[in-house]
Amino acid sequence: GHGDFPGSREDLWQDAGVRQSGVCWDEGSCRDAVRLQLKRGSNVIKLMASGGFSSGTGVLQQLTFEEMKAAVDAAHMRGVRVTTHAYAPAVEAQDLAELREFFTSLPTTVVVDHMGRPDVGKPVDGPEFERFVKLMREHPNVWSKVSCPERLSTSGPPGYDDVVPFAKHVVGAFPDRVLWGTDWPHPDMKTHMPDDGKLVDFVPRIATTPALQQKLLVDNPMRLYWKG
């Protein structure tokens with residue numbers, strides 16, 4: 001998920017099988033946590049590559065590479081996909097180079113949330129975003145979610161116009177490796193509560209043909225999460 005919350009009360013976690021099943025502290029416990037999720041029927045495993053927006057820890061990396069690799073290997077043995085949430089105030093698309101070696105060494109499909117959180121105030125063809133595009137171009141096991149314009153935009157609603165060129169570029173360049181969702185119920189939004197209808201209106205602006213929309217909304221998620 002989004003990482004460890006500070007000040008959490010372990011004494012209140014009575015149902016350890018549910019509440020703590022996604023928390024791990026070394027390679028063995030990370031492997032066991034994944035296996036428990038798979039036993040319960042999970043069809044995707046999500047890892048916290050860095051401090052999440054809800055964690056408030058200020059820590060840029062909450063799991064070691066060895067711990068993440070153990071979790072990925074456990075998922076890969078069962079043919080289950082892995083997605084990673086790489087987010088913190090100081091972790092933007094231009095910083096993905098630090099994680100590149102690890103991501104590209106993984107034996108399974110890796111889905112990066114929100115296009116790696118680009119700085120949409122910079123050019124879509126600039127060197128910062130190009131690093132992320134190059135990562136996808138050179139590694140066909142890397143996918144991207146093109147959702148959450150409400151978290152990336154500085155121009156704001158209703159259209160989130162400054163995010164459109166970035167998402168449109170990724171959809172056009174990698175139509176078979178993109179995913180989308182509303183991110184409902186929009187936790188921890190500080191500026192506004194997004195209108196899900198407006199977020200749906202965002203889709204035809206980044207996937208501009210029926211064929212691209214079919215891939216983004218139907219074919220790709222079905223192929224990734226349900227059809228193996």
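One-based numbering along the sequence shown.
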Would you say that [X] contacts [Y] through its side chain, given a criterion of any heavy-atom pair below 4.5 Å between the two side chains?
| X | Y | value |
| --- | --- | --- |
| D161 | R205 | yes |
| V146 | F202 | no |
| L199 | W184 | no |
| D113 | K46 | yes |
| K145 | V111 | yes |
| P194 | M189 | yes |
| L152 | R117 | yes |
| V110 | T104 | no |

Can you measure from [atom1] ([X]) to [atom2] ([Y]) and round to the nearest 0.5 angstrom?
| X | Y | atom1 | atom2 | value |
| --- | --- | --- | --- | --- |
| R31 | L36 | CZ | CG | 14.5 Å |
| I206 | W180 | CD1 | CH2 | 8.0 Å |
| K69 | T64 | NZ | OG1 | 12.0 Å |
| L47 | C24 | CG | SG | 8.0 Å |
| R40 | R35 | CZ | CZ | 15.5 Å |

Please name the pair of heavy atoms, one in [X] and one in [Y], separated by the smallest distance, quoted to 0.1 Å.
| X | Y | value |
| --- | --- | --- |
| A74 | V34 | CB-CG1, 3.8 Å |
| S147 | H114 | O-ND1, 3.8 Å |
| L212 | P175 | CD2-CB, 3.6 Å |
| P187 | R151 | O-NH2, 2.7 Å |
| V170 | F129 | CG2-CZ, 3.6 Å |
| Q213 | T208 | NE2-C, 4.2 Å |

*Mind checking disulfide (SG to SG under 2.5 Å) for C148 and listing every partner two or more places apart, or none if nothing turns up?*
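Expected list: none.
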_Taking E130 first and then R137, would you say they form a salt bridge - that is, a charged N and a carboxylate O separated by under 4.0 Å?_
yes
*asked:* Going by side-chain contact (heavy atoms from CB on, under 4.5 Å), name the residues that satisfy it together with V44, two or more places apart in sequence or in a different chain.
replied: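 So V44 forms a side-chain contact (heavy atoms from CB on, under 4.5 Å) with R81, T83, Y225.
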*For D162, check side-chain contact (heavy atoms from CB on, under 4.5 Å) against everything at least two apart and list the hits.*
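For D162, the residues satisfying side-chain contact (heavy atoms from CB on, under 4.5 Å) (neighbours in sequence not counted) are V120, S153, T154, S155.
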*Just grab all the side-chain hydrogen bond (donor to acceptor under 3.5 Å, both in side chains) pairs involving residues 169-178, residues at least two apart or on different chains.*
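side-chain hydrogen bond (donor to acceptor under 3.5 Å, both in side chains) check on residues 169-178 returns D176-K215.
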_Pairs satisfying side-chain hydrogen bond (donor to acceptor under 3.5 Å, both in side chains), at least one member in residues 192-202, at least two apart_ =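 Listed by first then second residue: Y160-H192, H186-D196.
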*For the hydrophobic clusters of this structure (ILVMFWY residues joined by side-chain heavy atoms under 4.5 Å, transitively), does one cluster hold both F65 and L106?*
yes
_Between V200 and L216, is there shared hydrophobic-cluster membership here, with clusters defined by ILVMFWY side-chain heavy atoms closer than 4.5 Å?_
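Yes; tracing contacts between hydrophobic side chains, which count when under 4.5 Å, links both residues.
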_side-chain hydrogen bond (donor to acceptor under 3.5 Å, both in side chains) between D26 and S29, intermediate numbers included_ = CA-CA 5 Å; D26 57 22; S29 63; 2.9 Å; yes
*Give a yes or no answer on whether the side chain of N220 reaches the backbone of L179 with a donor-acceptor pair at less than 3.5 Å.*
no
*Mark yes or no for whether D183, through its side chain, and P149, through its backbone, hold a donor-acceptor pair below 3.5 Å.*
no
*Test salt bridge (Lys or Arg N to Asp or Glu O under 4.0 Å) applied to K190 - qualifying residues, sequence neighbours left out*: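 Salt bridge (Lys or Arg N to Asp or Glu O under 4.0 Å) list for K190, sorted by chain: D188.
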